[in-house]
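Values below: all heavy atoms of this structure, side chains included; hydrogens, waters and symmetry mates excluded. Here the structure is a predicted model, which is why all the values come from computation and not from measurement.
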Amino acid sequence: MPASASDPYDLAVIGAGSAGLAGAVKAAELGLSVALLDSSPQTGGQFYRHPAQAIGAVRPEALHHDWPAFAELRRRLERSEVRHLSGHHVWAVTKEHGDGKENGDRKEDGDRKGGGGLTAQGDVWAVHAVTGADGAEGRPVRVRARAVLLATGAYERQLPFPGWTLPGVVGAGGAQAMLKSGLVLPGKRIVVAGSGPLLLAVASSLAAAGAQVPAVIEASGYLGYARHPRALAANPQKLVEGAVHGAALLRHRVRLCTRSAVTEVHGTDRVEAVTVTRLDRDWRPVRGTGRRIACDALAVGHGLAPQIELATALGCATRPTADGTTALALGGLQETSVPGVWAAGETGGIGGAQLARTEGELAGIAVAAGLYGRPYREGRIRALQRRRDRMRAFAEAMAASHAPAAGWTDWLTDATDVCRCEEVTAGRIREAVTDLGARDAHTVKLLTRAGMGWCQGRMCGTAAACLAASEGQLRRAVEPPAERRPFAVPVPLSALASLDEPTGTRPDTAPGTDQ
């Protein structure tokens with residue numbers, strides 16, 4: 001804890017998943033005062049999402065892979081002096097000068113080089129959050145810290161198709177979250193579709209929980225991994241994980257269909273069946289190959305996208321990934337391009353819980369060394385860096401193997417909703433391109449309102465960018481460039497109106513805390 005209520009924390013960690021937990025407990029063990037902010041009521045993030053105690057789950061660990069690693073992090077957190085601020089939805093991070101005034105010129109920070117260093121003497125970061133279940137009616141809180149570790153995770157990437165707005169269509173990760181947190185299934189007969197290794201984990205979890213899973217529909221394939229033999233050889237545990245999921249699918253008689261996609265969902269009030277179509281190398285549907293599979297739910301997702309809104313608002317440098325998403329560009333010690341800001345986990349590229357824990361620990365050591373010159377063993381740093389680089393190489397191979405190809409837009413009819421929030425169809429976006437001259441996602445947004453709804457483009461940003469771009473641009477990337485936004489999550493006007501009020505600004509007055 002800070003020496004006094006008016007002093008800032010040494011470190012504010014945003015996100016209590018694998019990376020955030022590892023970074024927070026390591027920094028605290030090295031003597032730093034740490035505040036850990038997370039929107040969920042429990043630690044664990046999306047990967048270790050588990051039921052609330054009120055549900056009375058007897059063995060929540062049965063639905064998780066590598067649960068002992070999380071349990072150990074949780075024990076270390078309970079033994080530490082980390083202040084866990086649950087139910088805190090962080091919407092912005094700003095810099096305060098030594099005189100307590102906020103810096104309104106964020107571009108200045110993003111343009112500074114030599115990331116990983118600290119801010120000017122006396123400058124601190126202000127982490128702005130709202131509390132409550134969804135933040136809509138919560139109390140505004142400001143937590144001050146000398147350094148920030150961003151461990152905000154990722155969200156699912158969705159590619160639309162006819163019928164994807166029907167009840168019963170859920171995200172692949174969403175289906176797994178329903179099972180882990182609520183012990184419920186989205187249906188009785190569930191098709192799992194999309195692209196990426198998450199599909200295997202989701203299908204095996206659903207089948208083990210009693211659902212009938214007729215098929216897993218993978219748009220790409222697994223032969224692409226063979227192009228990265230070094231990454232495979234250096235990460236044999238990943239092959240073991242794949243074999244475990246494959247054995248589970250065989251045991252439950254789940255059929256795996258590669259180079260295929262769900263190109264249409266059928267039903268009136270909810271899902272009744274899906275059409276599965278073979279794809280060519282560019283993900284274009286092959287005519288005459290469509291077949292129906294009866295089901296009452298579809299769990300679909302095309303990988304994950306790093307959640308970096310807080311970082312891009314600060315001006316942190318980014319990089320394109322092999323599957324077309326945008327991740328943070330990080331240094332050898334997890335530092336961003338903005339001095340005083342570190343990042344770990346999926347913010348630097350999708351790589352899984354084990355990689356996130358490694359990066360979080362590395363960042364925690366780096367912050368402690370940067371703030372107070374805490375001693376650390378050089379050998380330990382190098383070991384963590386080698387482990388991170390090994391797993392990061394596999395993550396890049398995974399991203400390349402499951403990257404969406406340009407032809408997926410051929411799934412879309414003109415009547416297909418692309419932006420669900422604003423009910424913008426593919427036909428309207430195509431009209432904006434062909435008739436109105438739009439050539440980028442931003443212009444499409446202005447002309448059609450695609451991306452202006454509640455999700456702020458998380459669901460439709462990829463599709464709008466693809467429909468707006470030329471063929472050559474589609475082959476280079478399928479994600480719009482990272483945008484700077486003043487709000488990372490929806491914020492009530494009452495929170496903005498009370499920014500200058502003292503209530504809720506001191507660390508010891510933050511509500512909803514778990515010591």
Side-chain angles (χ1 to χ4, degrees), residues 10-11 13-15 17-32 34 45 47 66 69-70 72-73 76 113-118 147-154 228-238 241 306 308 311 316-322 327-400:
D10 292 324
L11 175 64
V13 181
I14 303 173
S18 297
L21 282 175
V25 298
K26 174 54 67 174
E29 290 167 354
L30 291 173
L32 273 62
V34 180
F47 190 86
D66 203 10
F70 165 67
E72 174 60 23
L73 280 177
R76 290 169 62 190
K113 302 299 181 181
L118 298 176
V148 174
L149 171 57
L150 300 173
T152 46
H228 308 275
R230 291 185 179 180
L232 289 177
N235 295 272
Q237 76 281 359
K238 295 297 183 181
E241 289 179 22
I308 58 175
C316 295
T318 61
R319 67 177 182 88
T321 65
L328 296 182
L330 303 176
L333 294 175
Q334 301 301 127
E335 68 272 21
T336 71
S337 62
V338 176
V341 180
W342 282 260
E346 313 290 43
T347 54
I350 308 304
Q354 187 177 4
L355 174 57
R357 291 194 299 270
T358 300
E359 292 185 342
E361 181 177 352
L362 185 57
I365 295 173
V367 174
L371 280 179
Y372 294 116
R374 292 286 192 267
Y376 59 84
R377 292 180 298 167
E378 188 69 28
R380 178 58 178 167
I381 289 289
R382 291 179 180 175
L384 288 171
Q385 289 175 326
R386 286 194 296 269
R387 187 189 308 169
R388 175 201 59 195
D389 294 344
R390 170 172 53 80
M391 290 187 287
R392 183 57 69 188
F394 181 85
E396 292 297 320
M398 178 180 67

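With sequence neighbours left out, the side-chain contact (heavy atoms from CB on, under 4.5 Å) criterion links Ala356 to Ser18, Ala19. Scanning for salt bridge (charged side-chain N to carboxylate O under 4.0 Å, His left out) contacts around Arg319 gives Glu396, with sequence neighbours left out.
Listed here is the closest heavy atom pair of Ala322 and Ala400: CB-N, 3.7 Å. His228 and Ala397 make their closest contact through CG-CB, 3.4 Å (heavy atoms, listed as atom of the first residue, atom of the second, distance). Contact between Ala154 and Glu346 at its shortest, heavy atoms only, is CB-CB, 3.9 Å. Minimum interatomic distance between Leu73 and Arg357 (heavy atoms only, all atoms of both residues): CD1-CD, 3.7 Å. Between Val34 and Ala28, the shortest heavy-atom contact is CG2-N, 3.9 Å. Here the closest heavy-atom approach between residue Leu371 and residue Ala147 is recorded as CD1-CB, 4.4 Å.
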Q. Which is it for Val367 and Asp10 under the side chain to side chain contact (heavy atoms under 4.5 Å, CB included) test, yes or no, and what are the steps along the way?
A. CA-CA 9 Å; Val367 174; Asp10 292 324; over 6 Å; no
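Expressed to the nearest 0.5 Å, how far CD of Gln354 lies from CZ of Phe47 amounts to 9.5 Å. We find the CG-CD distance between Asp66 and Gln237 to be 10.0 Å, quoted to the nearest 0.5 Å. Note that the CD1 atom of Ile365 and the CD atom of Gln334 stand 11.0 Å from one another [nearest 0.5 Å]. The distance from the CG atom of Leu384 to the NZ atom of Lys26 is 8.0 Å, given to the nearest 0.5 Å. To the nearest 0.5 Å, atom CD1 of residue Ile14 and atom CG of residue Leu149 are 8.5 Å apart. Taking CG of Leu330 as the start and OG of Ser337 as the end, the distance is 9.0 Å to the nearest 0.5 Å.
Looking at Val13 and Leu21, their side chains never come closer than 4.5 Å, going by heavy atoms from C-beta outward. Residues Leu328 and Pro306 have side chains not in contact (no heavy-atom distance under 4.5 Å, counting atoms from C-beta outward). Between Phe394 and Leu232, the closest side-chain pair of non-hydrogen atoms falls below 4.5 Å.
Side-chain N or O atoms of Glu72 include none that pairs as donor or acceptor with a backbone N or O of Phe70 at under 3.5 Å. With hydrogens and angles ignored, the 3.5 Å screen pairs a side-chain donor or acceptor of Gln385 with a backbone N or O of Gly332. Counting only distance, with no hydrogens or angles, the side chain of Arg392 and the backbone of Gly349 share a donor-acceptor pair below 3.5 Å. Thr347 contributes no side-chain N or O that, together with a main-chain N or O of Thr152, makes up a donor-acceptor pair within less than 3.5 Å.
Listed by first then second residue, pairs satisfying salt bridge (Lys or Arg N to Asp or Glu O under 4.0 Å) with a partner in residues 382-391 read Glu378-Arg382, not counting sequence neighbours.
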